[in-house]
Amino acid sequence: MPEPRVLLFVGSLLITAAVFQLLMAAKTHSRIGGVLGHTALPEDISIDTREYSQHIQDSPNPVRQNSSYPKEPFISGTVPSGFLWGTSTAAYQVEGGWNTSGKGESIWDHWAHQPGRTPLGDTACDSYHKYATDVQLGANLAMTAYRFSISWPRLLPDGTLAGGVNQAGVDYYNKLIDELIAHKMVPFVTMYHWDLPQALQTKYGGWTNASMVDYFNDYATLCFQKFGDRVKRWATFNEPWSFIVPGYGLGVSPPQMLFGMKRRQYEVAHVVIKAHARAWHTYNDSFRAQQGGEVGIVLGALWGQPRNTSDPRDVQAADNFEQFFLGWFANPIYGNGDYPDAMKQMINGDSAADPRLPVFTEAEKAYVRGAADFVGLNQYSAVLIYASDHTFPLDFISLVMPDLKGVKDTSDPTWPHGASSGFAASYVVPWNIREQLRYFSEKYSHKVPFYITETGISEKEQFPPNMNDTWRQCFYMLYVDEAIRAIKLDGRDVRGFFAWTLMDNIEWGSGHSVRLGLHYTNFSDPNLTRTPKASAKLYRDIATSGGFPEGAPHTKHTQDWWDWCHTNAPYNNNTETGAGHYRGPH
Ligand code: NOJ
């Protein structure tokens, strides 16, 4: 019997590779032996949109053959002055220097040093030593901002103040921040991009322990004290969903705590939301008057589009998906201080006496509600959502959101997509940006500015590298134009756009086999040279001119390419390793 082939996709989410593994193991009892980027992946996964389309057509709820979300017309226009054009990175993915100059071990270092893995993050892009090169790359692109994360164990090796501050770590971030400012770039700093000090995991069980609220607050306070004179934009957490569900629910990424889908992951999120709020209050009470900055959170924002917008069941299903995914964090912070109704009903409906979804007290709700000055949204892609009580086909939701009942996800076969790396299987759905911003604006009462803190498209590593990344140029043409449309047509207060990512780096468990950079990083070269891809030039033109002004050559170029960029052609360069059709490690 031929093995069923399944295409899952989760936009930018970390967990995809592991989810593939679980799904395929569960569904096909297949060989789980392949190793991609040192996270186990099934060897027999083959990702082929044609087959998947067929699979969808054969299913009881066939998706429409023609996308009912046609491409938007190109519009020329520019962003308001002061808008931030940037690239994003994260400490574990670029810094290296994993145990250099007093840095403590993180849960990702710990994971990567287990037998059978190659700890590529030990060196990564060596930004610990090459930070000035990185800043220069950003300056060459005419960036006005750089989003990077601070490594908690580089500042506090065992995670605590009692364990001592690592002065070399403070010095490193001071140098990076000063270098950015010298090159007229705004530092946009994430405090937690998943690299928890291993000591906090070992001693206290990491985010399962309520005392983490205090430890995180100590760390955040240290950041404000040391860097807040120059850093005015702070994100507490990056994509909490993406480290909580895989790490503490499924147990497939560090700290690999298994069997937590029904209860532990909700308890962890409760701690994380309180830690976020605590850090915001600390800033608000003790630093804001003097430093005058903003503190927010970055949320993964995979847009759930109702498959049939005139079917109220699909519309409700899509809303339920949004509530479980984005709303889990957004509703407490930007809404009414509490979890979304759909979560409370579906999770605690069967456990009222011993609620699995923790319950906020009234005082906690008041403390959490409104505890943010902005929201960062990582907006890579979308899913089509439909109402269904069937078990099959197994989908992303069945695997990672078992408490979300009656809701299934699929995709539209007309959507172009990037390399289905297992980590960043990005369908190119530019209008997800505008839809998500609309939803957020209408849904939540605490009105804040938006930053698009990440978006980008992956390709599989290939030799020689294809520096002429037309698919990435297309991607940024479409997505930047969508952001401009949100500002101009919908009046959304979008204040920045950050491309993921400055240079190819360590895509978590996939290592450097999956590449999203505007610069190619040569990991075989001891100097780890970074070379601009064609997309870097385009992104520079966009940033320099503030978008797509009438008459600019890149505006004309974008107009000329507009229709083509909405087809699969640019994303499928007819190689096994192109952006369009990654067939898995055969
Ligand atoms: C989201 C994460 O924040 C980032 O670390 C990751 O590399 C990108 N998505 C791409 O998968």
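When a ligand or atom number is given, it counts from 1 through the structure's own listing order.
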Checking contacts here: is it the side chain or the backbone of Asn238 that comes within 4.0 Å of ligand 1, counting heavy atoms only? Could be both or neither. side chain

Under 6.0 Å between the ring centres of Tyr215 and Tyr219? no

Are the ring centres of Phe325 and Trp241 closer than 6.0 Å? yes

If the condition is disulfide (SG to SG under 2.5 Å), which residues does Cys474 pass it with, not counting sequence neighbours? Cys565

Using ring centroids (six-membered ring only for Trp), state whether Trp207 and Phe237 fall under 6.0 Å. yes

Per-atom contacts, ligand 1 versus Gln93 - under 4.0 Å to a heavy atom: 4 (C), 5 (O), 7 (O)

Numbering as shown, the atoms of ligand 1 that approach His193 to under 4.0 Å (heavy-atom distance): 2 (C), 3 (O), 4 (C), 5 (O)

Does ligand 1 come near enough to Trp194 that some N or O of the ligand is less than 3.5 Å from an N or O of the residue? no

Heavy atom to atom 4 (C) of ligand 1, shortest distance: which of Phe243, Trp500, Tyr380 holds it? Trp500

Would Arg154 count as a cation-pi partner of Tyr128, with NZ or CZ less than 6.0 Å from the six-membered ring centre and within 45° of the ring normal? yes

Which of the atoms in ligand 1, numbered in the order shown and given with their element, are less than 4.0 Å from a heavy-atom of Glu507? 6 (C), 7 (O), 10 (C), 11 (O)

